[in-house]
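These notes concern the structure reproduced below.
Just so you know, residue 1 is the first one in the sequence shown, and it goes up from there.
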Amino acid sequence: MSTYTLSRGIQGRTLKQTHKPGENPWSVSRMVALLVLAVLAATWLVPFAWAVLTSLKSEADAGASTITLNPPDGFSFDAYRKVLSAGDIPSWAWNSLITSVAITLITVATSALAGYAFSRVNFKGKRWLYAAIIAAIIIPPQLLIVPLFRQMLAFNLVDTYWGIILPQAFAPAMVLILKRFFDQIPVELEEAARVDGASRLRVFWSIVLPLSRPILAAVGIFVFIGAWNNFLWPFIVTTDAHLMTLPVGLQTVKSAYGLQYAQNMASAILAALPLVVVFLFFQRQIIKGIATTGFGGQ
């Protein structure tokens, strides 16, 4: 049996084991936990439902002092039509897609390599570099905006896709998460492959990465969501309307309209809709990543 086949078997058994042997899946503690999670889910869904409801009202009904679930003027899509006609939303969405995908690919690749190096490789200055990674998590990103912008100016990357992508393509928290996952992979698998003549890069590509698909998918989705929702940095580094991302572009539409509750909520729904679609398509990978890594406290 090859080392790769053995690793795949271990991965399958790990993902299929949802609870400990002999544990009652319907115990009182588990039912209480499910009830608490249901209450938290409902608490999160109420504001989202309210935003959808407000976006389907007229501006008069949305700004009325009396709160009603059934507006007197009825429901309509006027707020969505006005927002879509006021700005170049398809272009902004395309810019967000390009930059978010590029940030996700670069971040996952660099974080996986760095996490594996911290987990398995002993090199000079490892402790100091690891401390720098932790310090990068502690430092608020807002403090780095001025030096990052000066760097983008020096490299002529302002108002470019790379100016949006490169400063966001580093996630020290993801490095630590992937390192923790790599620590849980049995070293014997890699040692057996090294005995068979595989290089460290081949071990990483053929054994470690296939075992890490759930956490890589989860990390990728979380990075994509963060890049898609990021407003501050794209707002600072872009002045060209054709390069604006969706959150930045929608903000200009809202500023032009002033305080319009229905249109503001419609803009928020339009910005969040792609993320809802991403979650619906990849929710299984997110759950697997949470269940098999430190996200779930294991």
Keeping the roles fixed (side chain from Ser119, backbone from Gly115), state whether a donor-acceptor pair exists under 3.5 Å. no

message = Please check this pair: side chain of Ser199 against backbone of Arg202, looking for a donor-acceptor N/O pair closer than 3.5 Å.
response = yes

To the nearest 0.5 Å, atom CG of Leu35 lies from atom CG of Leu40 at 9.5 Å

Rounded to the nearest 0.5 angstrom, the CG-CD1 distance for Leu250 and Ile89 is 5.0 Å

Taken to the nearest 0.5 Å, the spacing of Glu190 CD from Leu211 CG works out to 9.0 Å

Smallest heavy-atom separation, Thr238 atom then Asp159 atom, equals CA-OD1, 3.1 Å

Look at the side-chain heavy atoms of Ile, Leu, Val, Met, Phe, Trp and Tyr, link any pair under 4.5 Å apart, and say whether Val277 and Trp94 land in one connected group. yes

Backbone N/O of Leu246 and side chain of Ser96: donor-acceptor pair under 3.5 Å: yes

Note to self: Any side-chain to backbone donor/acceptor pair from Ser111 onto Val108? Under 3.5 Å, distance only.
What the structure shows: no

- Task: May I ask you to check whether over 12 heavy atoms, not counting those of Phe77, lie within 6.0 Å of atom CZ?
- Result: no

CG (Leu166) and CD1 (Ile106) are apart, to the nearest 0.5 Å, by 6.0 Å

- If we ignore angles and hydrogens, is there a donor and acceptor under 3.5 Å between the side chains of Tyr80 and Ser55? yes

On a heavy-atom basis, the closest approach of Gln168 and Pro234 is NE2-CG, 4.2 Å

Greater than 12 external heavy atoms within 6.0 Å of Phe231's CZ: yes

Between Gln263 and Val83 the two heavy atoms that sit nearest each other are O-CG2, 3.7 Å

>> Is there a path of hydrophobic side-chain contacts, each under 4.5 Å between heavy atoms of I/L/V/M/F/W/Y residues, joining Val39 to Trp44?
In response: no

Residues Ala136 and Phe170: closest non-hydrogen pair is CB-CE2, 4.3 Å

Q.
Using side-chain contact (heavy atoms from CB on, under 4.5 Å), reason through Thr110 and Val175 one step at a time and then give a plain yes or no.
A. CA-CA 8 Å; Thr110 56; Val175 175; over 6 Å; no

Test side-chain contact (heavy atoms from CB on, under 4.5 Å) on Leu275 and Phe224 and set out the steps. CA-CA 9 Å; Leu275 300 182; Phe224 179 87; 4.1 Å; yes

Fill in: Student check: side-chain heavy atoms of Arg81 and Leu84 closer than 4.5 Å
no

**Prompt:** So, does Trp233 use its side chain to make a donor-acceptor pair with the main chain of Gly163 at under 3.5 Å?
**Reply:** yes

Q: Please answer: with hydrophobic residues joined when any side-chain heavy atoms are less than 4.5 Å apart, are Phe118 and Leu113 in the same cluster?
A: no

CD1 of Ile164 to CD1 of Ile236, rounded to nearest 0.5 Å, is 12.0 Å

_In one Ile/Leu/Val/Met/Phe/Trp/Tyr side-chain cluster, 4.5 Å: Ile137, Ile215_ = no

Here the gap from Trp162 atom CH2 to Leu157 atom CG, rounded to the nearest 0.5 Å, amounts to 9.5 Å

In sequence, state the C-alpha distance, the side-chain angles, and the governing distance for Leu178 and Leu216, and then conclude on side-chain contact (heavy atoms from CB on, under 4.5 Å).
-> CA-CA 8 Å; Leu178 289 171; Leu216 291 176; 3.9 Å; yes

In terms of heavy-atom contacts, Leu129 and Phe123 come closest through CD2-CE1, 4.1 Å

Contacts satisfying ring pair (Phe, Tyr, Trp, His ring centres under 6.0 Å) that involve residues 184-208 (not counting sequence neighbours) are Tyr116-Phe204

Report task. Test side-chain contact (heavy atoms from CB on, under 4.5 Å) on Arg120 and Ile185 and set out the steps. Result -> CA-CA 10 Å; Arg120 292 291 193 263; Ile185 297 177; 3.8 Å; yes

Nearest heavy-atom contact between Val203 and Ala198 is CG2-CB, 4.0 Å

Would you find a donor on one side and an acceptor on the other, under 3.5 Å apart, between the side chain of Asn95 and the backbone of His242? yes

Is Tyr161 linked to Leu105 within one hydrophobic cluster, defined over Ile, Leu, Val, Met, Phe, Trp and Tyr using a side-chain heavy-atom separation of less than 4.5 Å?
yes

